[in-house]
Amino acid sequence: MRNWQTAAPQWIARIHAEMPEASPADLRKALRAAASDFHGGTSWGKKVWAKHCRIYLARMTGRGDHRLDGKDTVWPADIIFPFRGESGA
C-alpha cells in the first residue's frame, strides 16, 4: 500500500531537483503538471498533493502559513477563544 504522506514530499523534491534554478511560479507550474501522475485520479491523492505543494511553496518563498522563521502566531487581545475555558491555555 502506498504511503501518500511520505511519497508527496519525495516527488516534490525530485521535481525541484530536476529544475533547481526555477522560480516559484515555474515550480508551481511543474508541480501542477505532475499532479495527475502522482494522484492517479484518487481524491485522497489530490488532497495530499495539494497540501504538500502548498507547504513546500510556502517554505520556499517564505510566505504563507509555513514560514521559516518559526515564530508562532500572536493573536490580538480582543480575540477570544471560548473553547479554551477560563485558564486561557
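Here the structure is a predicted model, which is why all the values come from computation and not from measurement.
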Side chains of residues 27-34: which donor-acceptor pairs under 3.5 Å do they make with residues two or more places apart or in other chains?
none

Worksheet item: Looking at residues at least two apart in the chain, or sitting in another chain, which of them share a side chain to side chain donor-acceptor pair (under 3.5 Å) with His52?
Response: Gln5

Item to complete: Might you point out which heavy atoms bring Ala8 and Val48 nearest each other, and give the distance in Å?
Response: CB-CG1, 4.0 Å

Practice prompt. Can you run down the ring pair (Phe, Tyr, Trp, His ring centres under 6.0 Å) pairs that involve residues 14-35, sequence neighbours left out, and say none if there aren't any?
Written response: His16-Tyr56

Worksheet entry | All side chain to side chain donor-acceptor pair (under 3.5 Å) counterparts of Glu18, not counting sequence neighbours | Arg14

Item to complete: Compare every heavy atom of Met60 with every heavy atom of Ala22, then report the nearest pair and how far apart it is.
Response: O-CE, 3.9 Å

Item to complete: Sort and list the pairs that fulfil side-chain hydrogen bond (donor to acceptor under 3.5 Å, both in side chains) and have at least one residue in residues 34-44, not counting sequence neighbours.
Response: none

Response to the item:
By ring-ring contact (aromatic ring centres under 6.0 Å, His included), Phe38 pairs with (sequence neighbours left out) Trp4, Trp11, Trp49

Worksheet item: Ser23: what forms a side chain to side chain donor-acceptor pair (under 3.5 Å) with it, not counting sequence neighbours?
Response: Asp26

